[in-house]
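Read through the structure below, which is laid out as C-alpha coordinates, and then see the notes.
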Amino acid sequence: MVEVIRFMSALLLPGLLVLLFTRVTYNRVIGLILTVALIAASVYKGYTNTFWLIVVDAFSLTAGFWLASKMKQRAIKRS
(Lines give C-alpha, C1' and ligand atoms only; values in the text may rest on other atoms or scores of the structure.)
Protein backbone atom coordinates (compact mmCIF):
# COMPACT_ATOMS: atom_id res chain seq x y z
CA MET A 1 0.00 0.00 0.00
CA VAL A 2 2.84 2.39 0.82
CA GLU A 3 4.46 1.75 -2.56
CA VAL A 4 1.22 2.60 -4.37
CA ILE A 5 1.04 5.92 -2.50
CA ARG A 6 4.68 6.63 -3.37
CA PHE A 7 4.11 5.97 -7.07
CA MET A 8 0.92 8.04 -7.18
CA SER A 9 2.69 10.89 -5.41
CA ALA A 10 5.62 10.61 -7.80
CA LEU A 11 3.21 10.74 -10.72
CA LEU A 12 1.32 13.85 -9.57
CA LEU A 13 3.37 16.02 -7.22
CA PRO A 14 6.47 16.89 -9.30
CA GLY A 15 4.35 18.06 -12.22
CA LEU A 16 2.16 20.15 -9.92
CA LEU A 17 5.25 21.62 -8.25
CA VAL A 18 6.65 22.65 -11.63
CA LEU A 19 3.37 24.43 -12.40
CA LEU A 20 3.28 26.08 -8.96
CA PHE A 21 6.88 27.30 -9.12
CA THR A 22 6.34 28.47 -12.70
CA ARG A 23 3.38 30.59 -11.59
CA VAL A 24 5.31 32.00 -8.63
CA THR A 25 8.56 32.79 -10.47
CA TYR A 26 7.06 33.55 -13.92
CA ASN A 27 9.78 31.36 -15.46
CA ARG A 28 9.25 27.71 -16.33
CA VAL A 29 12.97 26.85 -16.30
CA ILE A 30 13.36 28.19 -12.76
CA GLY A 31 10.28 26.21 -11.75
CA LEU A 32 11.81 23.07 -13.19
CA ILE A 33 15.15 23.68 -11.46
CA LEU A 34 13.48 24.24 -8.08
CA THR A 35 11.47 21.04 -8.44
CA VAL A 36 14.53 19.03 -9.48
CA ALA A 37 16.34 20.39 -6.42
CA LEU A 38 13.52 19.17 -4.17
CA ILE A 39 13.57 15.73 -5.79
CA ALA A 40 17.36 15.57 -5.46
CA ALA A 41 17.01 16.34 -1.76
CA SER A 42 14.46 13.54 -1.36
CA VAL A 43 16.77 11.11 -3.16
CA TYR A 44 19.65 12.20 -0.91
CA LYS A 45 17.54 11.64 2.22
CA GLY A 46 16.49 8.19 0.98
CA TYR A 47 12.79 8.74 0.32
CA THR A 48 13.12 7.95 -3.38
CA ASN A 49 14.83 4.60 -3.30
CA THR A 50 13.97 2.71 -6.49
CA PHE A 51 14.86 3.26 -10.12
CA TRP A 52 11.22 3.11 -11.26
CA LEU A 53 10.25 5.80 -8.78
CA ILE A 54 12.90 8.08 -10.27
CA VAL A 55 11.59 7.30 -13.78
CA VAL A 56 8.04 8.21 -12.74
CA ASP A 57 9.37 11.45 -11.18
CA ALA A 58 11.15 12.31 -14.43
CA PHE A 59 7.99 11.63 -16.45
CA SER A 60 5.98 13.88 -14.15
CA LEU A 61 8.61 16.63 -14.40
CA THR A 62 8.47 16.42 -18.19
CA ALA A 63 4.68 16.58 -18.22
CA GLY A 64 4.68 19.53 -15.81
CA PHE A 65 7.24 21.39 -17.91
CA TRP A 66 5.17 20.77 -21.04
CA LEU A 67 2.01 22.02 -19.31
CA ALA A 68 3.88 25.10 -18.08
CA SER A 69 4.91 25.93 -21.65
CA LYS A 70 1.29 25.49 -22.82
CA MET A 71 0.15 27.70 -19.95
CA LYS A 72 2.60 30.40 -21.04
CA GLN A 73 1.42 30.27 -24.67
CA ARG A 74 -2.20 30.60 -23.55
CA ALA A 75 -1.33 33.62 -21.38
CA ILE A 76 0.42 35.28 -24.32
CA LYS A 77 -2.64 34.76 -26.57
CA ARG A 78 -4.94 36.37 -24.01
CA SER A 79 -2.98 39.60 -23.75
Side-chain angles (χ1 to χ4, degrees):
M1 186 66 180
V2 173
E3 288 297 317
V4 172
I5 294 172
R6 282 187 184 179
F7 276 98
M8 292 303 293
S9 296
L11 188 61
L12 296 175
L13 292 179
L16 291 175
L17 281 173
V18 170
L19 291 175
L20 174 73
F21 289 145
T22 299
R23 292 291 294 180
V24 169
T25 62
Y26 297 106
N27 190 337
R28 65 179 191 259
V29 175
I30 300 295
L32 181 69
I33 290 171
L34 289 172
T35 307
V36 168
L38 283 174
I39 290 174
S42 75
V43 169
Y44 179 74
K45 292 295 281 184
Y47 298 122
T48 306
N49 53 5
T50 63
F51 173 74
W52 290 110
L53 204 54
I54 294 170
V55 169
V56 172
D57 277 337
F59 173 75
S60 181
L61 283 171
T62 305
F65 189 74
W66 179 76
L67 282 172
S69 67
K70 292 294 182 185
M71 184 175 61
K72 182 179 177 183
Q73 290 174 357
R74 194 173 349 159
I76 290 172
K77 283 184 181 179
R78 286 185 185 169
S79 55

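Counting begins at 1 with the first residue of the sequence.
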To the nearest 0.5 Å, how far apart are [atom1] in [X] and [atom2] in [Y]?
| X | Y | atom1 | atom2 | answer |
| --- | --- | --- | --- | --- |
| R23 | M71 | CZ | CE | 5.5 Å |
| L32 | L17 | CG | CG | 11.0 Å |
| L34 | L20 | CG | CG | 10.0 Å |
| L13 | M8 | CG | CE | 10.0 Å |

Contact check, side chains of L61 and I39, non-hydrogen atoms, under 4.5 Å: yes

Is there a chain of hydrophobic side chains (I, L, V, M, F, W, Y, each step under 4.5 Å between heavy atoms) that links [X] to [Y]?
| X | Y | value |
| --- | --- | --- |
| L19 | W66 | yes |
| F65 | V36 | yes |
| I30 | L38 | yes |

Where at least one partner belongs to residues 67-78, residue pairs that pass side chain to side chain donor-acceptor pair (under 3.5 Å), sequence neighbours excluded: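 Every pair satisfying side chain to side chain donor-acceptor pair (under 3.5 Å) with a residue in residues 67-78: there are none.
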
Inter- and intrachain pairs under side chain to side chain donor-acceptor pair (under 3.5 Å), touching residues 32-44, at least two apart: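 Passing the test, one end in residues 32-44: S42-T48.
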
Shortest non-hydrogen separation from S60 to G15 and the atoms involved: OG-N, 2.8 Å

Distance-minimising heavy-atom pair for T22 and R28: OG1-CA, 3.5 Å

Shared-cluster residues of V56, by chain and number - hydrophobic side chains joined below 4.5 Å: F7, L11, F51, W52, L53, V55, F59

